[in-house]
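First the structure, in the form of structure tokens, and then the observations on it.
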Amino acid sequence: QVHLVESGGGLVQAGGSLRLSCAASGSIFSIPAIGWYRQAPGKQRELVAAITSGGSTNYADSVKGRFTISKDNAKNTVYLQMNSLKPDDTAVYYCNAAGGAPGSWGQGTQVTVSS
């Protein structure tokens with residue numbers, strides 16, 4: 001089992017940027033696809049971006065053009081660069097397997113965007 005730990009969240013003003021990190025305890029190649037999810041209070045968890053072991057990416061329409069998912073295989077880390085942040089981006093962000101059954105959910109990292 002590969003453990004994923006999220007970090008990098010914080011409080012930013014609208015239009016600002018944050019970079020989230022998802023650090024894996026083992027090789028990220030163990031997971032065919034890794035995604036960033038987010039969940040705001042009272043709303044369903046949403047997949048916002050995913051990347052495969054081969055580097056293919058996809059994005060939710062709500063973040064496309066603003067967010068970029070990437071990975072560093074040597075560091076076993078997946079990143080989410082978030083630019084042009086909006087108040088609607090406020091949520092707890094999680095990383096987990098994508099494209100299949102997810103593993104256990106961690107604590108996530110809080111992103112708050114003020115207007």
Side-chain angles (χ1 to χ4, degrees):
Q1 186 177 10
V2 176
H3 297 282
L4 304 173
V5 179
E6 306 92 342
S7 64
L11 173 64
V12 297
Q13 295 187 25
S17 298
L18 283 173
R19 187 193 190 201
L20 307 184
S21 297
C22 174
S25 62
S27 174
I28 57 177
F29 289 117
S30 299
I31 306 175
I34 297 174
W36 282 98
Y37 302 76
R38 68 186 182 188
Q39 186 170 31
K43 301 185 70 175
Q44 291 186 321
R45 183 177 285 112
E46 172 191 24
L47 177 65
V48 299
I51 187 167
T52 69
S53 60
S56 298
T57 61
N58 62 62
Y59 300 90
D61 289 342
S62 59
V63 307
K64 195 169 187 177
R66 300 188 297 119
F67 292 9
T68 302
I69 189 169
S70 62
K71 61 187 177 74
D72 185 332
N73 292 333
K75 295 182 178 180
N76 287 317
T77 301
V78 177
Y79 303 98
L80 185 67
Q81 178 67 47
M82 306 185 295
N83 299 326
S84 302
L85 283 162
K86 305 174 180 179
D88 285 347
D89 296 320
T90 295
V92 178
Y93 284 71
Y94 305 87
C95 59
N96 211 328
S104 299
W105 296 98
Q107 291 186 265
T109 185
Q110 176 72 49
V111 172
T112 303
V113 184
S114 62
S115 60

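- Shown here for Thr90 and Ala40, the closest heavy-atom pair between the two residues is O-CB, 3.8 Å.
- Atoms CD and CD, on Gln39 and Glu46 in that order, are 10.5 Å from each other to the nearest 0.5 Å.
- Between Val63 and Arg38, some side-chain heavy-atom pair lies under the 4.5 Å cut-off.
- Between the side chain of Tyr94 and the main chain of Glu6, no donor-acceptor pair closer than 3.5 Å is present.
- Closest non-hydrogen pair, Ser115 versus Pro87, comes out as CB-CG, 3.9 Å.
- Separating the CD1 atom in Ile31 from the CG atom in Leu4 is a distance of 4.5 Å, to the nearest 0.5 Å.
- A distance-only check finds a donor-acceptor pair linking the side chain of Lys71 to the backbone of Ser53 [under 3.5 Å].
- We find the CD-CG distance between Gln81 and Leu20 to be 8.5 Å, quoted to the nearest 0.5 Å.
- What you find for Arg66 and Ser84 is that their closest heavy atoms are NH1-O, 3.0 Å.
- Criterion: ILVMFWY side-chain heavy atoms under 4.5 Å apart, direct or through other members. Under it, Val92 and Val12 are not part of a common hydrophobic cluster.
- Contact record, Val2 with Ser30: CG2-CB, 3.8 Å, taken as the closest heavy-atom pair.
- For Asn96 (side chain) and Gly103 (main-chain N/O), a donor-acceptor pair under 3.5 Å exists by modelled atom type.
- To the nearest 0.5 Å, atoms OG1 (Thr52) and CD1 (Ile28) are separated by 10.0 Å.
- Residues Val113 and Asp89 come closest through the heavy atom pair CG2-CB, 4.3 Å.
- For the residue pair Trp36 and Cys22, the shortest heavy atom distance occurs at CZ2-CB, 3.5 Å.
- Taken to the nearest 0.5 Å, the CG atom of Asn76 stands 8.5 Å off from the OG atom of Ser25.
- Contact check for Lys75 versus Ser21: no side-chain heavy atoms found under the 4.5 Å cut-off.
- The structure places OH of Tyr59 at 4.5 Å from OG1 of Thr68, a figure rounded to the nearest 0.5 Å.
- Both Ile51 and Leu18 are part of a single hydrophobic cluster, where members link through side-chain heavy atoms under 4.5 Å apart.
- Under the 30°/60° scheme for interplanar angles, the aromatic rings of Phe67 and Tyr93 are found to be tilted.
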